[in-house]
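Below, each value reflects all heavy atoms present in this structure, side chains not excepted, and no hydrogens, waters or symmetry copies.
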Amino acid sequence: MKFDNIVIGGGMAGLSAALRLAEAGQRTLLMASGQSALHFSSGSVDLLDGPGDPRTALPAFLAAHPDHPYAKVGLANIAASLADLQRHCALEGLPLFRQEHNHQRITPIGTLKATWLSPDTCACVTDAPVPNSLLLATLAGFRDFHPALAAANLGAQPRFAHCRILTGEIRLPQLAEFSRNPHEFRSADIARLFDKQKGDQPDLLADLAREIARMVRECGEPECRHIVLPACLSLGLVGPRLAELEKRTGCTIREVATMPPSLIGMRMQEALKRRFLALGGTFLTSERVLGARYEGDRVIGVHSQNGDDQLFEADHFVLASGSFFSRGLESRLGGIREPIFDADVLSLPERDAWAGRRLFDHHPFLGFGVKTDAQLRVLRGGKPLSNLYGAGSVLAHYDPVREGSGSGVAVATGWQAAGHILAGV
């Protein structure tokens with residue numbers, strides 16, 4: 001099978017590259033090994049951590065980190081890549097919110113995380129005033145969101161000093177079927193129950209609205225009109241469902257990502273996948289790439305677990321296979337390895353130096369990854385492979401946790417890798 005381009009990896013970096021290539025009319029195949037890191041993601045996009053406008057901090061950051069992936073993309077292209085992501089998401093009914101500076105997303109445990117883009121259904125602290133009261137609620141029996149813990153942490157935030165933070169529990173008899181096996185009582189199970197509602201069945205959304213009204217009456221703050229729920233009301237686009245719930249309750253309702261699987265991250269992946277397919281792309285899932293064939297400094301094709309006799313050929317390739325979590329990098333006794341192309345990898349020779357001694361120390365292994373040249377071409381044996389580009393968390397020279405840059409780097413490098421391919425077409 002021959003394509004113009006093959007993108008390896010179905011996460012944010014791979015989808016960003018594939019979307020740009022497909023929209024340019026390129027015959028593009030995306031090969032995904034299964035669930036990407038988006039299934040464990042908040043669905044927000046971090047550009048660079050900090051309280052102000054991260055765009056103003058980027059020039060100094062890039063000057064101090066010349067090998068960082070952002071430095072190989074450039075300021076203008078970083079901005080263009082994020083704008084493109086917003087456009088694609090909006091076209092698929094998933095509008096992303098941003099301000100002229102970082103806003104703060106409320107996490108499942110009630111802390112605040114600085115971020116650049118968030119789905120507009122997410123509970124965030126923005127320039128708008130914090131309400132005088134806020135109700136954090138969960139569903140009875142649901143174990144992946146604990147309002148009391150979130151309320152205690154949120155109450156310690158200065159912005160919430162005047163806010164009365166309440167907690168509540170929603171009791172829906174329809175969820176009783178999950179009590180027989182609490183291990184299956186996860187966000188996706190609840191969402192499927194809401195999604196399969198038919199016209200001849202009891203209105204589950206109406207029952208939820210009545211439960212919210214009851215909680216408000218009983219919480220001791222009858223004027224409370226701001227509700228935060230765990231993200232579990234739909235596997236698909238939840239905006240219309242939340243809007244209907246707001247209409248029925250008279251409350252403003254937002255959601256927080258839960259413990260994995262995270263429906264907000266899954267929705268992001270599905271929206272971008274739908275957009276890619278609508279642009280004519282080909283998406284193969286459960287297709288783990290295992291190796292490649294070469295002619296000189298060019299990759300001519302890759303093969304998957306289905307056997308090396310079936311070669312997927314293309315003119316250009318994008319390696320967006322992820323880091324250790326996604327098995328894009330492998331940690332072995334002999335060191336760090338990139339398993340598909342045996343690319344050059346940045347690492348440290350002494351294993352004891354890979355991680356800090358304490359959990360919240362700086363961990364050098366987070367900066368390990370594949371080496372590339374200034375055009376993001378992957379290095380192998382010290383030389384760039386002329387038609388293989390790297391993108392996302394497989395890359396070296398950045399620490400997504402320490403910098404708050406993970407999804408931003410994924411979007412920017414995926415988009416830029418596609419740009420280099422298109423420039424040479």
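- A heavy-atom distance below 4.5 Å is found between the side chains of Glu287 and Phe312.
- No more than 12 heavy atoms of other residues, nucleotides or ligands shown are found within 6.0 angstrom of CZ on Arg327.
- Salt-bridge annotation for Asp373 and Lys383: absent, with no side-chain N of the basic residue lying under 4.0 Å from a carboxylate O of the acidic one.
- Proximity of a side-chain donor or acceptor of Gln305 to a complementary backbone N or O of Arg288 within less than 3.5 Å is detected.
- In this structure, Asn387 contributes its side chain and Asp315 its backbone to a donor-acceptor pair below 3.5 Å.
- Side chains of Ser393 and Ser323: no donor on one and acceptor on the other come within 3.5 Å.
- Side-chain contact between Lys196 and Arg192 is absent, with no heavy-atom pair separated by less than 4.5 Å.
- Summarising the geometry of Glu330 relative to Pro339, their closest heavy-atom pair is OE2-CB, 3.6 Å, with the distance given to 0.1 Å.
- Using a 4.5 Å cut-off on side-chain heavy atoms (C-beta onward), Met268 and Ser41 make no contact.
- With 3.5 Å as the limit, one finds a donor-acceptor pair spanning the side chains of His68 and Glu403.
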Point to revise | Stepwise side-chain contact (heavy atoms from CB on, under 4.5 Å) test for Leu62 and Leu75 | key: CA-CA 9 Å; Leu62 299 188; Leu75 294 173; 3.8 Å; yes
Practice item. Check the pair Arg293 / Val302 against side-chain contact (heavy atoms from CB on, under 4.5 Å), numbers first and verdict last. Key: CA-CA 6 Å; Arg293 294 185 193 172; Val302 295; over 6 Å; no
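- Using modelled atom types, no side-chain atom of Ser326 and backbone atom of Gly328 make a donor-acceptor pair closer than 3.5 Å.
- For the pair Leu233/Leu242, a side-chain contact is recorded, criterion being any heavy-atom separation below 4.5 Å from C-beta on.
- Val73 is not listed as a side-chain neighbour of Val409, based on a closest heavy-atom distance of 4.5 Å or more.
- Side-chain contact annotation: His39 with Gln269, donor-acceptor N/O pair under 3.5 Å present.
- Remark: side-chain polar atoms of Arg267 are paired, donor with acceptor, to backbone N or O of Ser234 under 3.5 angstrom.
- One finds a salt bridge joining Arg241 and Asp195 here, because a Lys/Arg side-chain nitrogen approaches an Asp/Glu carboxylate oxygen to under 4.0 Å.
- Summarising the geometry of Val318 relative to Ala391, their closest heavy-atom pair is CG1-CB, 4.2 Å, with the distance given to 0.1 Å.
- The closest side-chain donor-acceptor pair between Thr115 and Asp46 falls under 3.5 angstrom.
- Within the 3.5 Å criterion, the main-chain N or O of Pro108 finds no donor-acceptor partner in the side chain of Thr258.
- The line from CG of Leu38 to CG of Leu272 is 7.5 Å long, rounded to the nearest 0.5 Å.
- Side-chain contact, Asp84 with Trp415: a donor N or O sits under 3.5 Å from an acceptor N or O.
- Remark: the backbone N or O of Gln86 is not paired with any side-chain donor or acceptor of Arg98 at under 3.5 angstrom.
- Thr252 has its side chain out of reach of Ile227: every pair of non-hydrogen atoms, C-beta onward, lies at least 4.5 Å apart.
- Crowding of Arg87 atom CZ: a count of heavy atoms from other residues, nucleotides or ligands under 6.0 Å exceeding 12.
- Taken to the nearest 0.5 Å, the CD atom of Glu246 stands 10.5 Å off from the CD atom of Glu244.
- Here the shortest heavy-atom pairing between Arg332 and Arg337 reads NH2-NH1, 3.6 Å.
- Note: Phe325 and Phe40 meet the aromatic proximity criterion, with ring centroids under 6.0 Å apart.
- Judged by distance alone, with hydrogens and angles left aside, the side-chain atoms of Lys273 form no donor-acceptor pair with the main-chain N or O of Gly10 at under 3.5 Å.
- Between the CG atom in Asn102 and the CZ atom in Arg55 there is a gap of 9.5 Å [rounded to 0.5 Å].
- In this structure, CG in Leu21 is found 4.5 Å from OG1 in Thr28, a value given to the nearest 0.5 Å.
- Judged by distance alone, the side chains of Lys113 and Ser44 never bring a donor and an acceptor atom under 3.5 Å apart.
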Exercise for review: Apply the test side-chain contact (heavy atoms from CB on, under 4.5 Å) to residues Cys232 and Leu139: give CA-CA distance (whole Å), side-chain angles for both, the deciding distance (0.1 Å), then the verdict.
Suggested key: CA-CA 10 Å; Cys232 61; Leu139 290 91; 3.6 Å; yes
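- The heavy-atom pair separating Thr126 from Arg159 by the smallest distance is O-NH2, 3.2 Å.
- From His226, atom NE2 reaches atom CG of Leu134 across 8.0 Å, with rounding to the nearest 0.5 Å.
- A centroid separation of less than 6.0 Å is found between the aromatic rings of Phe97 and His103.
- The two residues Gly406 and Pro400 have their closest heavy-atom pair at CA-CB, 3.6 Å.
- Between Leu204 and Phe194 the shortest heavy-atom distance is CG-CE2, 3.5 Å.
- Between the CD atom of Gln99 and the CH2 atom of Trp116 there is a distance of 9.0 Å, given to the nearest 0.5 Å.
- A salt bridge does not link Arg274 with Glu270: none of the charged nitrogens is closer than 4.0 Å to a carboxylate oxygen.
- Looking only at distances, no side-chain donor or acceptor of Asn77 sits under 3.5 Å from a matching main-chain atom of Gln416.
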Check your understanding: Where do Leu30 and Leu15 land on the side-chain contact (heavy atoms from CB on, under 4.5 Å) test, with the steps shown first?
Key -> CA-CA 8 Å; Leu30 190 151; Leu15 284 163; 4.0 Å; yes
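- At distances below 3.5 Å, at least one donor-acceptor pair connects side-chain atoms of Ser16 with backbone N or O atoms of Met12.
- Ion pairing between a basic and an acidic side chain is recognised when a charged N comes within 4.0 Å of a carboxylate O; Arg377 and Asp297 show no such pairing.
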Exercise for review: Show the numbers, then the answer: is there a side chain to side chain donor-acceptor pair (under 3.5 Å) between Thr111 and Asn153?
Suggested key: CA-CA 6 Å; Thr111 56; Asn153 288 328; over 6 Å; no
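- Counting heavy atoms from C-beta on, the side chains of Tyr389 and Phe317 never come closer than 4.5 Å.
- Cation-pi contact between Arg27 and Phe3: present, with separation from the ring centre below 6.0 Å and deviation from the ring axis of at most 45°.
- Taking the charged nitrogens against the carboxylate oxygens, Arg380 and Asp344 have no contact shorter than 4.0 Å, which rules out a salt bridge.
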